[in-house]
There are 2 protein chains.
Amino acid sequence: MDLRHLRYFIAVAEEGNLGRAALRLHISQPPLTRQIQQLEDELGVCLFRRTPKGMELTQAGELFLEEARNIRAVVEQATERTQRAGQGKLGRLDVAIFGSAILDAIPKLLLSFRNTHPEVKVVLHTMTKAEQLDALRQRRITVGFNRMLGPMAEIGTELVTTESLLLAVHERDPLSALPAIPFRALADNPVVLFPTGARPNFVDKVMALCHERGFEPLVSQEVGDAVTGVALVASGFGVCLVPESATTLQIPGVLYRPFVDAPSQAFVDLSCVFRVDDQSPILRAFLDTVRAFRERQSARP
Amino acid sequence: MDLRHLRYFIAVAEEGNLGRAALRLHISQPPLTRQIQQLEDELGVCLFRRTPKGMELTQAGELFLEEARNIRAVVEQATERTQRAGQGKLGRLDVAIFGSAILDAIPKLLLSFRNTHPEVKVVLHTMTKAEQLDALRQRRITVGFNRMLGPMAEIGTELVTTESLLLAVHERDPLSALPAIPFRALADNPVVLFPTGARPNFVDKVMALCHERGFEPLVSQEVGDAVTGVALVASGFGVCLVPESATTLQIPGVLYRPFVDAPSQAFVDLSCVFRVDDQSPILRAFLDTVRAFRERQSARP
DNA sequence: CCCGCTTGATACCTCCAGAGTATCGAAAGA
DNA sequence: TCTTTCGATACTCTGGAGGTATCAAGCGGG
């Protein structure tokens, strides 16, 4: 049996007459006769009463008509859903994020994607950078977010946003009296650094900036993420270099200050990572959203 | 799109490899390649990732796999149900009965049919003989039950059972003292006759039997059906000729007696009627049940 | 009562699409 | 580097879907 048989059968049942059905199907009457006979033979069931007035459905035929219409509807729905999936409008997107990155850009980005692709289920996974790359290779995630990403084989990156560095200081720290901090202040004040873990990371960035200026920072503590770092600042562990978005964290006692001498490399990027060979339409749609987001950001800084 | 495409697609998805899928489908690999390409072109969606290891489903492909399996199941179920309908095992049978015939044979018959064809919904309609014939012609019913049926154009009959005539008498009627009644007694006792309505009927039968013996029955009342007739006997209206099955009506004060001289034509038949041109498998199955029932009846009288 | 119209069925032909054979190119493993 | 395994392509062939012509049966009108 074939979908053609069903199409023909429905036409004959609805027209009640081979000639008119053939007309509607844009074929001639004899092949239609044969296709209906073939269908009946294959089912082993008589579907029509042949009368001089036309074709009348038998009881079995009436039942089969319902079934045939149902099959047709199911097939149509299946193709429609598959096409939406093929356009990246239906499905699932597994996204990896790192501990404290959910501060500013990522929620906005995910919200924007959700608005344009309401039928895509976005699943979030918290992972370190190394775990993200592993998960990408195993296809457990489709896209990851991270900072300080170097070029990697098989992995593509797309910049989300670039943030300048700020210094988190305690309100009772004398530095907080200054509206902007000179970078060298890091040589004399204990600094909380993050994250520990896979290199290259934010710590390297800060160390490089200091070495560039010919001094060694006074490291008081290394922690896992920005939230912990700012918490330690609140407890008097010293100061902490954080990306702009960390200012979302309003912790009592902590103030954020820019650098007065704004070093040219005192910026940190947030990018997303994905397999370069991944042609998934959902990923493509997501990357489009990322690009649109970045353009909107740079348009009104 | 074609059911063949779905079959091929499912095979490739399950084997993960064109070669093995082709083997399983008993075709060679190149046509399979083309059919899958065709399916993808038609949907406008990429369903597989081609890798050197084989064919991996994309996300859209996975969704379509579920849909395809579902379609296959729906089609299978449709053919299966249609085939059962074609064998008369699934569907609906509209049956006409007359007022008081539901006494003995018909309930047993319907019960027996219900046991062998549990998925056929039997719908009962109460109709007079003339209404039954009309309804048959308009296909509002498939089979009817009645007595005293002559040959009719386009209508076939199948004998259900033949019952001998009994006389219903009141227990205070002197006739009730006799274990069997002489037929001539009808000449001297008031008789309740039924039914009124379309000829030929049971009344004609009784009149003919009397005339055959050269007397005219003393008619006290004509009524519509056996139940009313027996009720009148209970009220002292006289005697009433009834078919054997009426003895199921156990009304206080009414006794049933056979005729002592059992006239050879003192039998009345119950038949079913149907369109001779009706090839419906449910009707055929029902008529088979009727024949089997009659044979069982005549085997142990 | 016959003729014409409508209905589905049959015979025969044509041609396309699905299936087969041979072969290629790419990637992974020995 | 060579071999194996995978999918893709080019070419050919054949079965079956579709077309034309025609038939047989039943109904309605003259």
Side-chain angles (χ1 to χ4, degrees), chain A residues 1-43 45-58 60-61 65 137-139 153-154 275-279, chain B residues 1-43 45-58 60-61 65 137-139 153-154 275-279:
Chain A
M1 189 170 51
D2 231 338
L3 293 184
R4 186 188 49 255
H5 288 118
L6 300 184
R7 204 171 65 246
Y8 287 6
F9 169 77
I10 292 172
V12 174
E14 286 178 354
E15 299 291 341
N17 167 318
L18 281 179
R20 275 197 304 277
L23 217 64
R24 170 169 138 185
L25 293 166
H26 305 294
I27 61 170
S28 62
Q29 171 256 316
L32 188 52
T33 298
R34 262 178 300 139
Q35 292 293 316
I36 297 293
Q37 286 173 344
Q38 212 172 83
L39 179 62
E40 289 183 324
D41 281 359
E42 196 178 320
L43 290 171
V45 172
C46 177
L47 299 172
F48 291 102
R49 267 188 299 279
R50 274 74 169 171
T51 76
K53 284 168 213 145
M55 308 278 277
E56 284 175 17
L57 285 170
T58 62
L65 177 59
R137 293 208 178 83
Q138 297 168 22
R139 294 188 183 280
E154 309 283 308
R275 298 172 65 106
V276 278
D277 67 350
D278 190 339
Q279 293 304 314
Chain B
M1 189 171 51
D2 230 340
L3 293 184
R4 186 189 49 256
H5 288 117
L6 300 184
R7 205 171 66 247
Y8 288 6
F9 169 77
I10 292 172
V12 174
E14 285 177 354
E15 298 291 341
N17 169 314
L18 281 178
R20 275 197 304 277
L23 216 66
R24 171 169 137 186
L25 293 166
H26 305 295
I27 61 170
S28 62
Q29 172 255 316
L32 189 52
T33 297
R34 262 179 300 139
Q35 293 293 317
I36 296 293
Q37 286 173 343
Q38 212 173 84
L39 179 62
E40 290 183 324
D41 281 358
E42 196 178 321
L43 291 172
V45 172
C46 177
L47 299 172
F48 290 102
R49 266 188 300 279
R50 275 74 168 171
T51 75
K53 285 170 210 146
M55 308 277 278
E56 283 175 19
L57 285 170
T58 62
L65 177 58
R137 292 206 180 85
Q138 296 167 23
R139 295 190 183 279
E154 309 284 308
R275 298 173 67 106
V276 276
D277 67 351
D278 190 340
Q279 294 304 314

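Convention: sequence-line order gives letters A, B, ...; per-chain numbering from 1.
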Value in whole Å for how far the [atom2] atom of [N] lies from [atom1] of [X]:
X      : N       : atom1 : atom2 : value
E40(B) : dA8(D)  : CD    : C1'   : 13 Å
Q35(A) : dG19(D) : CD    : P     : 11 Å
L23(B) : dC6(D)  : CG    : C1'   : 15 Å
I36(B) : dT9(D)  : CD1   : P     : 14 Å
L25(B) : dG18(C) : CG    : P     : 15 Å
H26(B) : dA19(C) : NE2   : P     : 13 Å
I27(A) : dG16(D) : CD1   : P     : 17 Å
R4(A)  : dA17(C) : CZ    : C1'   : 11 Å

Next item on the list: Please name the pair of heavy atoms, one in L57(B) and one in F9(B), separated by the smallest distance, quoted to 0.1 Å.
Entry: CD2-CZ, 3.9 Å
Margin query: Judged by each residue's nearest nucleotide on DNA chain D, which is more toward the 5′ side, P52(A) or S28(A)?
Written below: S28(A)
Notebook entry, point to check: Picking from R7(A), H5(A), E40(A), what satisfies side-chain hydrogen bond (donor to acceptor under 3.5 Å, both in side chains) with Q35(A)?
Noted result: H5(A)
Next item on the list: Give one of base, sugar-phosphate or nothing for P31(A), where a contact means two heavy atoms less than 4.0 Å apart.
Entry: base
Next item on the list: Using a 4.0 Å heavy-atom cut-off across all strands, classify F48(A) as base, sugar-phosphate, or nothing.
Entry: nothing
Notebook entry, point to check: Okay, side chain of R275(B), backbone of E154(B): is any donor-acceptor separation there less than 3.5 Å?
Noted result: no
Check: Would a distance-only check, ignoring hydrogens and angles, find a side-chain to backbone donor-acceptor pair under 3.5 Å from E42(B) to M1(B)?
Finding: yes
Margin query: Using 0.5 Å steps for rounding, measure from the CG atom of L18(A) to the CE atom of M55(A).
Written below: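 Reported value, rounded in 0.5 Å steps: 4.0 Å.
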Check: If we ignore angles and hydrogens, is there a donor and acceptor under 3.5 Å between the side chains of T33(A) and Q37(A)?
Finding: no
Next item on the list: Could you tell me which residues satisfy salt bridge (charged side-chain N to carboxylate O under 4.0 Å, His left out) with R139(B), sequence neighbours excluded, listed by chain and number?
Entry: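 So R139(B) forms no salt bridge (charged side-chain N to carboxylate O under 4.0 Å, His left out) with any residue.
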Please list, for nucleotides 8-11 of chain C, all pairs of protein and nucleotide N/O atoms separated by less than 3.5 Å.
residue	atom	partner	partner atom	Å
dG8(C)	OP1	L18(A)	N	2.8
dG8(C)	OP2	L18(A)	N	3.4
dA9(C)	OP1	R50(A)	NE	3.0
dA9(C)	N7	Q29(A)	NE2	2.9
dA9(C)	N6	Q29(A)	OE1	3.1
dT10(C)	OP2	Q37(A)	NE2	3.3

Margin query: Is there a side-chain contact between Q38(B) and the phosphate of dA17(C), meaning an N or O under 4.0 Å from OP1 or OP2?
Written below: no
